[in-house]
Amino acid sequence: MRRPRGEPGSRAPRPTEGATCAGPGESCEKAWAGRPKPLVQGHAAGSPAPNSMLRVLLSAQASSARLSGLLLLPPVQPCCLGPNKWGDHRPPGGGPHAGPVQGLQRLLEQPPPVEQATLQDLSQLIIRNCPSFDIHTIHVCLHLAALLGFPSDGPLMCALEQERRFRLPPKPPPPLPPILRGGQRLEAALSCPCFQRRPQQHLIRSLAEARPEELTPHVMVLLAQHLARHRLREPQLLEAIAHFLVVQEAQLNSKVVQKLVLPFGRLNYVPLEQQFMPCLERILAREAGVAPLATVNILMSLCQLRCLPFRALHFVFSPGFINHVSGTPHALIVRRYLSLLDTAVELELPGYRGARLPRRQQVPIFPQPLITDRARCKYSHKDIVAEGLRQLLGEEKYRQDLTVPPGYSTDFLLCVSSCGSVLPVRAQDPFLPYPPRSCPRATRDPAQRVVLMLRERWHFCRDGRVLLGSRALRERHLGLMGYQLLPLPFEELESQRGLPQLKSYLRQKLQALGLHWGPEGG
């Protein structure tokens with residue numbers, strides 16, 4: 001804002017309540033030095049900007065009698081406050097209590113402005129009269145008092161704020177919390193968005209206190225989803241879900257079962273409940289044709305646990321089932337799951353002689369990085385490991401983020417000769433043939449394929465020791481396809497301080513496999 005001609009170079013301090021002004025003819029700056037700036041929320045429509053108004057007000061000479069007249073005499077014309085921040089439009093005349101509001105407005109707009117002593121009189125006058133103000137007048141007085149620089153903890157603002165609160169309708173007392181039993185308490189805790197981090201003991205206690213009739217399918221589904229979402233591999237809770245599934249088998253459909261089984265596959269946990277697998281096989285036999293997506297979801301969880309039932313595989317690979325799901329909205333995701341199940345049959349079930357997924361129906365299993373890895377890429381060690389390998393081996397001797405058939409992604413892939421020398425990847429075929437039994441490796445290509453697998457913190461259950469089911473499945477299948485795996489655990493990566501130390505760590509890892517590179521062997 002440009003300063004008026006003749007105005008001092010420094011901004012004049014704001015007036016605040018309770019201070020005394022200097023004598024006639026003297027500057028007020030000394031009396032107001034160091035005072036905080038008023039909190040200005042805005043100013044009335046059509047009025048001057050607050051900074052210029054307050055600078056003019058400081059130099060004012062006016063009497064308290066004139067101030068009383070401004071406050072209490074009815075205005076000659078309606079006050080033009082315009083729409084305020086409360087959305088009110090006051091009618092002409094303003095009602096019985098419009099005098100103080102319009103008087104304050106004219107006090108801001110009139111020349112010459114008022115002096116400091118007048119502001120003190122204004123404060124006392126409003127404090128005495130504010131019990132008779134309506135709520136609109138109190139709101140406007142609060143707004144204009146802030147513009148005039150009255151401090152928020154001073155008598156004026158406190159009196160107005162007290163009156164404002166007094167006019168508000170009383171709040172009804174909060175209802176007494178109901179007495180929750182074990183199952184209800186468990187459901188309430190699982191439904192709370194803040195209940196995330198370390199709730200195991202609370203969940204176990206609530207579950208132990210619950211009566212059998214309180215453990216409904218809804219409560220157990222909430223518990224299963226909570227464990228899976230937060231990677232909580234808690235045996236007591238998982239065993240309770242497995243037991244519930246066995247006991248309630250006749251009342252559960254496959255859409256509920258898929259949610260109850262989810263944490264077992266995700267958390268890589270095979271329950272001790274002996275009837276768990278037979279129970280699932282019976283449910284699949286009964287429900288497989290009713291809910292195709294739920295059926296393959298259950299089989300996906302069992303695939304992660306290496307517990308695939310032959311009878312269910314016969315059914316989902318049958319032409320009737322495949323034709324049935326081809327016309328559904330979730331056809332692509334079902335084909336992806338069936339492709340993964342077919343890979344598991346190929347690699348892990350040599351005794352299976354039933355139907356298989358036709359080649360024309362197969363799709364890449366994981367055509368892009370997993371959602372979790374994409375969401376946490378900024379916390380990943382992949383970039384620094386890539387730079388370490390580049391400086392250690394050279395760009396031509398490794399491939400990053402290569403997806404190998406039938407669709408598994410690899411963090412870093414090396415081609416190694418039979419004598420352990422790291423070869424340029426682009427001069428080799430980086431892929432091993434798949435399926436391995438139908439296309440055995442040719443003797444003319446004795447090179448090994450070494451896959452460096454980052455094991456980030458979020459690839460594990462919360463305890464940090466057991467790989468999640470999807471990660472364990474990928475590593476297991478890559479190993480069965482003939483790739484040599486070199487895991488890089490997050491604890492070891494996090495302990496490296498800087499790139500030189502990381503390069504030394506990678507060198508030791510590669511040399512431990514008998515690898516060498518460069519003219520001096522690395």
Check your understanding: Are any of the side-chain nitrogens in E494 or R457 under 4.0 Å away from the carboxylate oxygens of its partner?
Key -> yes

**Study point:** Residue pair L493 / I384, side-chain heavy-atom distance below 4.5 Å
**Key:** no

Check your understanding: Do the non-hydrogen side-chain atoms of L467 and R455 ever get within less than 4.5 Å of each other?
Key -> yes

**Study point:** L486 side chain near V451 side chain, heavy-atom distance below 4.5 Å
**Key:** no

Review point. Between atom CG of L223 and atom CG of L260, what is the distance when rounded to the nearest 0.5 Å?
Key: 9.0 Å

Revision key, fill the gap. What one should report as the nearest heavy-atom pair of P271 and A242 is CB-CB, 3.8 Å

Exercise for review: Please tell me if the side chains of L454 and S380 come closer than 4.5 Å, counting only heavy atoms from C-beta onward.
Suggested key: yes

Study note, to complete from the structure: For L267 and L232, the nearest pair of non-hydrogen atoms, with its separation, is CD1-O, 3.1 Å

Practice item. Would you sort out whether H139 and H143 count as a side chain to side chain contact (heavy atoms under 4.5 Å, CB included), showing the intermediate values? Key: CA-CA 6 Å; H139 279 159; H143 179 56; over 6 Å; no

Exercise for review: Decide if atom NZ of K259 counts as having more than 12 heavy atoms of other residues, nucleotides or ligands within a radius under 6.0 Å.
Suggested key: no

Practice item. Flag the pair L473 / Y408 as yes when at least one side-chain heavy-atom distance between them is below 4.5 Å, and no otherwise. Key: yes

Check your understanding: At what distance, to the nearest 0.5 angstrom, does CG of L452 lie from CG of L513?
Key -> 8.0 Å

Point to revise | Distance-minimising heavy-atom pair for P435 and R359 | key: CD-NH2, 4.4 Å

Point to revise | Residue pair P217 / V256: nearest heavy atoms and the distance that separates them | key: CB-CG1, 4.4 Å

Run the side-chain donor-acceptor check on residues 274-284: report pairs under 3.5 Å with partners two or more places apart or on a different chain.
| from | atom 1 | to | atom 2 | distance (Å) |
| --- | --- | --- | --- | --- |
| R282 | NE | E249 | OE1 | 3.4 |
| R282 | NE | E249 | OE2 | 2.9 |
| R282 | NH2 | E249 | OE1 | 2.9 |

**Study point:** ring-ring contact (aromatic ring centres under 6.0 Å, His included) partners of F310, counting only residues at least two apart
**Key:** Y352

Review point. Just how far is it from atom CD of Q251 to atom OG1 of T216, taken to the nearest 0.5 Å?
Key: 13.0 Å

Practice item. Under the side chain to side chain contact (heavy atoms under 4.5 Å, CB included) rule, what do R266 and L468 come out as? Steps first, then yes or no, please. Key: CA-CA 6 Å; R266 175 166 170 76; L468 294 176; 4.0 Å; yes

Review point. So, does R353 use its side chain to make a donor-acceptor pair with the main chain of P350 at under 3.5 Å?
Key: yes

Check your understanding: Any idea which heavy atoms bring A386 and Y398 closest together, and the distance?
Key -> O-OH, 3.3 Å

Study note, to complete from the structure: From the list H381, K382, Q400, side-chain hydrogen bond (donor to acceptor under 3.5 Å, both in side chains) with D411 holds only for K382

Practice item. Given side chain to side chain contact (heavy atoms under 4.5 Å, CB included), test L488 with Y505 step by step and report yes or no. Key: CA-CA 10 Å; L488 302 178; Y505 164 78; 3.7 Å; yes

Can you list, pair by pair, the side-chain donor-acceptor contacts under 3.5 Å of residues 319-327, counting residues two or more places apart and other chains?
| from | atom 1 | to | atom 2 | distance (Å) |
| --- | --- | --- | --- | --- |
| N323 | ND2 | P319 | O | 3.1 |
| S326 | OG | I322 | O | 2.6 |

Review point. Would the H230 and H226 ring centres measure less than 6.0 Å apart?
Key: yes

Check your understanding: Roughly how far apart are R311 CZ and L313 CG, rounded to 0.5 Å?
Key -> 12.5 Å

**Study point:** Side-chain heavy atoms of H477 within contact of T343, under 4.5 Å
**Key:** yes

Practice item. Hey, could you give me the CD1/CG distance between I365 and L340, rounded to the nearest 0.5 Å? Key: 4.5 Å

Review point. Is it true that a side-chain atom of T295 and a backbone atom of A288 form a donor plus acceptor pair closer than 3.5 Å?
Key: yes

Exercise for review: For T403 and G407, indicate whether the former's side chain and the latter's backbone hold a donor-acceptor pair under 3.5 Å.
Suggested key: no

Practice item. Using atom types as modelled and distance alone, determine if a side-chain donor or acceptor of W517 lies under 3.5 Å from a backbone N or O of L392. Key: yes

**Study point:** N-O pairing of E387 and K503 below 4.0 Å
**Key:** no

Practice item. Answer yes or no: is there a donor N or O on one side and an acceptor on the other, between the side chain of Q501 and the main chain of R497, under 3.5 Å? Key: yes

Exercise for review: Inspect the contact between E492 and K509 and indicate whether a charged nitrogen and a carboxylate oxygen are less than 4.0 angstrom apart.
Suggested key: yes

Exercise for review: Could you tell me whether R233 and D463 make a salt bridge, using a distance below 4.0 angstrom between a side-chain N and a carboxylate O?
Suggested key: no

Exercise for review: List the steps and the verdict of side chain to side chain contact (heavy atoms under 4.5 Å, CB included) for E456 and R376.
Suggested key: CA-CA 10 Å; E456 303 284 9; R376 304 194 184 193; over 6 Å; no

Practice item. Could you tell me whether the side chain of L357 reaches within less than 4.5 Å of the side chain of S339, counting heavy atoms only? Key: yes

Review point. At what distance, to the nearest 0.5 angstrom, does NZ of K378 lie from CG of D383?
Key: 13.5 Å

Check your understanding: Thinking salt bridges, do R471 and E475 make one under a 4.0 Å N-O criterion?
Key -> no

Exercise for review: Examine distances only and state if a side-chain atom of H516 and a backbone atom of C419 form a donor-acceptor pair shorter than 3.5 Å.
Suggested key: yes

Point to revise | Residues E234, Y269; criterion side chain to side chain donor-acceptor pair (under 3.5 Å); working and verdict | key: CA-CA 9 Å; E234 185 58 50; Y269 182 85; over 6 Å; no

Check your understanding: Going by distance alone, is a donor N or O of one side chain under 3.5 Å from an acceptor N or O of the other, for D342 and Q362?
Key -> yes

Check your understanding: Does any N or O in the side chain of R231 come within less than 3.5 Å of the main-chain N or O of R229, such that one atom is a donor and the other an acceptor?
Key -> no

Check your understanding: Tell me, do T410 and Y483 make a side-chain contact under 4.5 Å, heavy atoms counted?
Key -> no

Point to revise | More than 12 heavy atoms of other groups within 6.0 Å of R286 CZ | key: yes

Check your understanding: Shortest non-hydrogen contact from R306 to E348?
Key -> CG-OE1, 3.1 Å

